[in-house]
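Counting from 1, the numbers follow the sequence of the chain as shown.
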Amino acid sequence: MALALLEDWCRVMSVDDHKSLMVMGIPVDCDEAEIQEVLQETLKPLGRYRLLGKIFRKQENANAVLLELVEEMDVSVIPSEVQGKGGIWKVIFKTPNQDTEFLERLNLFLEKEGQTVSSMFRALGHEGVSPATVPCMSPELLAHLVGQAIAHAPQPLLPMRYRKLRVFSGSTVPAPEEEPFEIWLEQAVEIVKEWPVAEAEKKRWLMESLRGPALDLMHIVQADNPAISVEECLEAFKQVFGSLESRRTSQVRYLKTYQEEGEKVSAYVLRLETLLRRAVEKRAIPRNIADQVRLEQVMAGASLSEILWCRLRELKDQGPPPTFLELMKVIREEEEEEASFENENLEEPDEGEGYSHWDNEADD
């Protein structure tokens with residue numbers, strides 16, 4: 001991930017990623033003068049360089065800087081880390097043979113999947129590479145063609161690559177940037193469904209969002225079962241960090257939730273939906289009758305106008321009960337009608353006052 005960040009940053013800054021370095025793990029309270037002092041001393045063998053920019057990385061709660069080397073360098077003298085303020089700062093750089101290493105890993109992956117580089121190009125819609133020409137290509141040319149094919153593929157290979165999960169640690173006192181478990185879990189379930197990658201990659205991306213006890217749990221479940229799926233990992237998280245509310249309690253809480261004074265019916269239905277989904281997850285309410293249960297609870301627990309009650313009764317009697325969104329549409333339409341009617345009444349002048357005004361003028 002650090003190397004990908006270096007490559008992306010260099011692309012944005014329009015500099016050669018083979019002639020650039022990224023230094024990570026710099027404390028946020030370290031100013032530019034202190035950074036320059038450390039780098040000038042530790043990177044002296046590399047010759048002159050330019051500091052191009054600095055960014056804050058939430059994952060590490062630390063800064064990173066990008067350097068462009070002015071002179072030709074020998075990668076063997078680049079340190080992998082330097083001693084700076086607050087501890088060790090990591091140095092990220094791209095070696096000349098990393099494209100070759102990437103292609104070796106790509107070929108190994110394709111071999112395990114029973115595929116070839118040429119079949120991969122066909123899947124990407126790039127017909128200009130034949131099986132006969134692949135072995136004759138240099139790594140540099142092949143890497144260029146792979147990048148070109150991916151760039152022009154009909155759809156992104158990894159559409160969710162940069163849609164990262166928010167941080168979750170499971171700590172008793174969560175940090176400000178962390179999500180509560182229920183919100184994190186809901187996002188995780190939705191995003192994991194959309195990730196078109198292998199299970200191992202899904203688990204790696206999932207782990208990137210974890211800290212503290214949550215990360216420890218992920219290591220534990222994987223140690224117990226290396227072949228565990230992402231869905232099974234999320235089930236383990238539910239058991240450890242999820243609500244301890246019993247099935248019966250979630251059912252009763254849902255059925256005893258009524259519209260509050262001054263609350264719109266639409267707001268009540270939205271509040272009710274969270275409880276319904278929780279009850280369904282606990283299997284306190286069967287998923288296949290959730291629409292029916294929702295409609296019945298709204299009719300029993302809300303203060304409905306006569307018109308809205310009749311519309312809901314009609315929906316109940318006519319056929320399949322409405323979904324959540326269909327029900328909300330009906331309710332919102334009726335609320336808009338009621339609000340419009342009330343506004344019209346407010347704008348009309350009082351009839352008695354009108355007659356009095358004209359009568360007074362006539363008397364004059």
(message) Main chain of Ala284, side chain of Gln251: is a donor-acceptor contact present, judged purely on distance under 3.5 Å?
(response) yes
(message) Between Glu41 and Val38 (side chain of the first, backbone of the second, donor and acceptor by atom type, cut-off under 3.5 Å), is there such a pair?
(response)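 No.
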Identify the heavy atoms of [X] and [Y] that sit nearest to each other, and give their distance.
X: Phe324; Y: Asp291; result: N-OD1, 4.3 Å
X: Ala223; Y: Pro226; result: O-CD, 4.2 Å
X: Ala62; Y: Val28; result: CA-CG1, 4.1 Å
X: Ala188; Y: Leu234; result: CB-CD2, 4.1 Å
X: Ala236; Y: Leu217; result: O-CD2, 4.1 Å
X: Pro322; Y: Leu327; result: CB-N, 3.9 Å

(message) The test is salt bridge (Lys or Arg N to Asp or Glu O under 4.0 Å); show your working for Glu178 and Arg211 and say whether it passes.
(response) CA-CA 10 Å; Glu178 291 182 30; Arg211 306 287 185 275; over 6 Å; no
4.5 Å side-chain heavy-atom contact, [X] and [Y]:
X: Gln292; Y: Lys316; answer: no
X: Ile55; Y: Val65; answer: no
X: Leu21; Y: Leu46; answer: yes
X: Arg271; Y: Thr257; answer: yes
X: Trp89; Y: Glu81; answer: no
X: Leu215; Y: His219; answer: yes
X: Ser250; Y: Ile285; answer: no
X: Ser80; Y: Val91; answer: no

(request) Would you please test Lys85 and Asp29 for side-chain contact (heavy atoms from CB on, under 4.5 Å) and show each step? (result) CA-CA 9 Å; Lys85 179 179 177 180; Asp29 60 347; 3.8 Å; yes
Nearest 0.5 Å please: distance from the [atom1] atom of [X] over to the [atom2] atom of [Y].
X: Phe168; Y: Leu185; atom1: CZ; atom2: CG; result: 9.0 Å
X: Leu308; Y: Glu337; atom1: CG; atom2: CD; result: 11.5 Å
X: Leu312; Y: Glu334; atom1: CG; atom2: CD; result: 9.0 Å
X: Ile220; Y: Ile228; atom1: CD1; atom2: CD1; result: 11.5 Å
X: Phe93; Y: Leu67; atom1: CZ; atom2: CG; result: 13.0 Å
X: Met218; Y: Met207; atom1: CE; atom2: CE; result: 6.0 Å

Are [X] and [Y] ion-paired here, with the side-chain N under 4.0 Å from a carboxylate O?
X: Lys54; Y: Glu32; value: no
X: Arg11; Y: Asp17; value: no
X: Glu235; Y: Lys238; value: yes
X: Arg278; Y: Glu182; value: no

Have [X] and [Y] got a donor and an acceptor in their side chains that come within less than 3.5 Å?
X: Glu68; Y: Ser20; result: no
X: Glu263; Y: Gln259; result: no
X: Thr42; Y: Gln83; result: no

(message) For Glu273, give me all partners under salt bridge (Lys or Arg N to Asp or Glu O under 4.0 Å), at least two apart in sequence or on another chain.
(response) Arg277, Arg294
More than 12 heavy atoms of other groups within 6.0 Å of [X] [atom1]:
X: Ile289; atom1: CD1; result: yes
X: Glu231; atom1: CD; result: yes
X: Glu338; atom1: CD; result: yes

(request) Apply side-chain contact (heavy atoms from CB on, under 4.5 Å) to Tyr268 and Glu260, showing your working. (result) CA-CA 8 Å; Tyr268 165 64; Glu260 297 176 352; over 6 Å; no
Connected via hydrophobic side-chain network under 4.5 Å: [X] and [Y]:
X: Val269; Y: Tyr258; value: no
X: Val82; Y: Leu51; value: yes
X: Leu210; Y: Val167; value: no
X: Met13; Y: Ile92; value: yes
X: Ile88; Y: Ile26; value: no

(request) Please lay out, stage by stage, how Glu335 and Ser266 fare under the test side-chain contact (heavy atoms from CB on, under 4.5 Å). (result) CA-CA 8 Å; Glu335 286 178 343; Ser266 57; 2.9 Å; yes
(message) Go through it in stages, so that I can follow the logic: the residues are Phe241 and Trp184, the test is ring-ring contact (aromatic ring centres under 6.0 Å, His included), and I'd like the CA-CA distance, side-chain angles, deciding distance and then a yes or no.
(response) CA-CA 11 Å; Phe241 298 109; Trp184 176 87; 8.5 Å; no
(message) Under the criterion side-chain contact (heavy atoms from CB on, under 4.5 Å), I'd like the reasoning laid out for Phe56 against Asn61: C-alpha separation, chi angles, the key distance, then a yes or no.
(response) CA-CA 7 Å; Phe56 173 70; Asn61 192 31; 3.4 Å; yes
